[in-house]
Every structure is written in structure tokens, then in C-alpha cells.
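Just below is one structure, and these are the notes that go with it.
Bear in mind that the values here come from a model prediction, so they are computed numbers and not experimental data. One-based numbering along the sequence shown. Basis for what follows: all heavy atoms, side chains included, without hydrogens, waters or symmetry-related copies.
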Amino acid sequence: MATAWTPRPIRLPDSHLPHTSESAWQCRTCSTAWPCATAAEYLTQNRCNCGANSYWEKNGPRNWHVGPSCYTAADAVLQQAADLRASREAHPHYPPSHYYPPKPHRPKWPQPAHRHTPAGPGDIRPGTWTWVKPGGLHPGWGDIHHLAMVVWPGLPKATVWLILDGTVHDVRADHLILSGQPRKNPARWWQWTIAQHLEHAQPEPAENRTADQLELFPGLKPV
């Protein structure tokens with residue numbers, strides 16, 4: 001009578017796990033150096049930073065570090081804490097909206113009648129639609145982008161009208177980016193911040209040539 005068919009296991013069988021109590025690991029079933037031929041089919045070999053071989057299960061979370069561990073459990077916890085701290089500092093965020101701090105008072109206006117679409121770099125006027133980047137508003141408004149209209153452009157801060165609730169805010173111009181860019185092949189200046197646009201539009205200071213003229217004409221007196 002034919003034997004019943006059994007599916008091939010997708011994870012390393014426990015019978016082929018290593019004996020780790022000895023210096024040279026051996027397979028529990030084959031009594032040969034681990035990983036044995038059976039175990040090798042389920043493992044991916046890597047190399048640890050300390051130089052020792054490590055094996056990771058292809059279809060499971062288990063892994064093995066051959067030889068003495070190169071770090072302690074306390075080292076792993078400290079490294080994980082350092083990684084989490086660095087991640088939070090690099091990507092700060094506020095908790096969900098019901099944990100936001102209370103919103104301070106801001107004046108509310110009806111939507112301004114200004115209408116303006118930038119035609120080139122530096123063309124920022126009242127009525128320009130922008131996105132306020134996270135961190136540009138008080139934490140009470142969250143850590144998301146907000147659509148806002150520029151009411152009064154300026155440096156270092158510009159006055160904007162928030163479409164969400166009609167409040168008016170003074171926001172740093174480097175936290176404002178343009179909205180409504182063309183979908184196909186937008187010019188690079190569409191990616192500029194409002195601060196970059198306003199700095200681009202500022203006239204260059206007139207060059208003072210008085211000192212050069214005095215060197216060329218020693219007898220000349222400045223007026």
C-alpha cells in the first residue's frame with residue numbers, strides 16, 4: 001500500500017537544529033557539522049560584523065550566530081533605543097489630532113478676493129496658493145500640509161489665510177511651497193519656497209564705485 005503524501009516543510013525542521021552547547025555545532029539528527037545538507041536548504045548564510053558566520057531562515061524569523069555572541073542583550077537594547085531616538089529626531093511628528101495641544105487664538109477672515117498664479121520665478125503676489133509645510137503652524141493645527149493663500153508676502157514671514165478654518169497666520173516664508181504646479185514638465189522654480197521666490201525678486205544692490213574712483217583720481221572729493 002502506498003504511503004500517504006506529506007507536504008515538504010517550508011521552515012527548518014526542529015530535528016535539524018544545531019547543538020549549540022559545544023564549540024563546534026553539530027546537527028541533532030545527522031551528527032555532522034551544522035548546517036547539515038538538509039538544514040542548508042532552508043538557510044541563507046551571512047557574515048556578522050565581527051566576522052563570524054550567521055544563518056537566517058529563508059521562510060521564518062529565526063537566525064543563528066556561530067560562535068560566541070559579539071554583543072550582549074544590554075548592548076542590543078541600547079542600540080535599539082539609540083536608533084529610535086535618532087529616527088524620532090530626524091522625523092519629528094505630533095500624536096493623532098485628539099492629542100494636539102489647544103489652538104491659540106488666530107483672527108478669522110472670509111476668503112480674500114485675491115487671485116494670482118505665478119508666471120515665473122519671483123512672481124509672488126497676494127492670492128498665490130501655497131502649501132504650509134509641517135512645522136510652519138502652531139502644533140495645534142497638526143503636523144500635516146495645509147493649503148493656504150498668501151495675503152501679504154514678506155520676509156522672513158508671510159501672512160497667509162488658511163482654507164481649513166479661515167484663520168490668518170504669520171508663517172516663515174521658507175515653510176511655504178507653491179500649489180497648483182503643472183502636471184507635465186513643471187519648471188524647477190515651482191519647487192522653490194516662497195522665501196526663495198522673494199529673495200529672487202529682490203533687486204540687486206547698486207554697486208558702490210566711489211572707492212575705485214578715488215583711487216583713479218586722487219584729487220576727486222566725494223560729494
*Show the numbers, then the answer: is there a ring pair (Phe, Tyr, Trp, His ring centres under 6.0 Å) between Trp34 and Trp64?*
CA-CA 11 Å; Trp34 193 87; Trp64 295 264; 5.5 Å; yes
*Is the backbone N or O of Ser15 less than 3.5 Å from a side-chain atom of Thr29, with the two atoms forming a donor-acceptor pair by type?*
yes
*asked:* I'd like to know whether Trp129 forms a side-chain contact (heavy atoms from CB on, under 4.5 Å) with Leu147, so could you lay out the CA-CA distance, the side-chain angles of the two residues, the decisive distance to 0.1 Å, and finally the verdict.
replied: CA-CA 7 Å; Trp129 285 102; Leu147 184 63; 3.9 Å; yes
*Would you say Thr130's side chain and Ala148's backbone share a donor-acceptor pair under 3.5 angstrom?*
yes
*asked:* If you apply the rule side-chain hydrogen bond (donor to acceptor under 3.5 Å, both in side chains), what do you find for Asp170 with Thr159, and how did you get there?
replied: CA-CA 4 Å; Asp170 289 333; Thr159 302; 2.8 Å; yes
*Could you tell me the separation between the SG atom of Cys36 and the CD atom of Gln26, rounded to the nearest 0.5 Å?*
11.0 Å
*Taking all non-hydrogen atoms of both residues into account, name the closest pair between Ala173 and Gly154 and its distance.*
CB-O, 3.8 Å
*Flag the pair Thr117 / Thr128 as yes when at least one side-chain heavy-atom distance between them is below 4.5 Å, and no otherwise.*
no
*Answer yes or no: is there a side-chain heavy-atom contact under 4.5 Å between His169 and Arg106?*
yes
_Tell me whether Ile163 shares a hydrophobic cluster with Val151, the cluster being built from Ile, Leu, Val, Met, Phe, Trp, Tyr side chains joined at under 4.5 Å._
yes
*Determine whether the side chains of Trp131 and Ser179 contain a donor N or O and an acceptor N or O closer than 3.5 Å.*
yes
*Would you mind reporting whether Val171 and Leu137 have side-chain heavy atoms less than 4.5 Å apart?*
yes
_Donor-acceptor check, side chain of Trp152 to backbone of Pro126, threshold 3.5 angstrom: yes or no?_
no
_So which atom in Gln181 and which in Gln191 form the shortest heavy-atom distance, rounded to 0.1 Å?_
OE1-NE2, 2.9 Å
_Test item: side-chain donor near acceptor, Asn53 and His65, under 3.5 Å_ = no
_Closest heavy-atom pair and its distance - Arg28, Leu17_ = CG-O, 2.9 Å
_I want to know whether Trp189 and His200 have ring centres closer than 6.0 Å._
no
*Taking His114 for the side chain and Gly127 for the main chain, is one N or O donor matched with an acceptor at less than 3.5 Å?*
no
_Interatomic distance, Asp165 atom CG to Trp141 atom CH2 [nearest 0.5 angstrom]_ = 6.5 Å
*Can you tell me if CH2 on Trp109 sees more than 12 non-hydrogen neighbours from other groups inside 6.0 Å?*
no
_Basic-acidic side-chain contact under 4.0 Å: Arg85, Asp83_ = no
*Between atom NZ of Lys133 and atom CZ of Arg172, what is the distance when rounded to the nearest 0.5 Å?*
10.5 Å
*Check Pro121 against Trp192 and note the closest heavy-atom contact, atom names and distance.*
CB-CZ3, 3.6 Å
*Taking His138 for its side chain and Gly140 for its backbone only, find out whether a donor-acceptor pair lies under 3.5 Å.*
yes
*Below 4.5 Å, heavy atoms only, C-beta onward: do Asn63 and Tyr55 meet side chain to side chain?*
no
*Calculate, to the nearest 0.5 Å, the distance between atoms CG and CD belonging to Leu78 and Gln80 respectively.*
10.5 Å
_Between Arg62 (side chain only) and Leu12 (backbone N and O only), is there a donor and an acceptor less than 3.5 Å apart?_
yes
*Which atoms form the tightest heavy-atom contact between Asp123 and His197, and what is the distance?*
N-ND1, 4.5 Å
*Do Val168 and Leu162 have side chains that get closer than 4.5 Å, going by heavy atoms?*
no
_Val132-Leu164 co-clustered via ILVMFWY side chain contacts under 4.5 Å_ = yes
*asked:* Side-chain heavy atoms nearer than 4.5 Å, only ILVMFWY residues, links allowed to pass through others: does that put Leu178 and Leu155 together?
replied: yes
*State, with a plain yes or no, whether a side-chain heavy atom of Ile177 is found less than 4.5 Å away from one of Ile194.*
no
*Look at atom CD of Gln111 and say whether more than 12 heavy atoms of other residues, nucleotides or ligands are closer to it than 6.0 Å.*
yes
_Closest non-hydrogen atom pair between Pro118 and Trp190, with its separation_ = O-CZ2, 4.1 Å
*Side chain to side chain, Pro134 and His145, heavy atoms closer than 4.5 Å*: yes
*Where the side chain of Glu199 meets the backbone of Gln196, is there a donor-acceptor pair that is under 3.5 Å apart?*
no
_Ser54 and Asn46: side chain donor to acceptor below 3.5 Å_ = no
*Evaluate the side-chain proximity of Leu43 to Lys58: yes if any heavy-atom separation is below 4.5 Å, no if none is.*
no
_Distance, nearest 0.5 Å, that separates CE of Met149 from NE2 of His116_ = 11.5 Å
*Measure the spacing between CG of Leu176 and NE2 of His146 and express it to the nearest 0.5 Å.*
12.5 Å
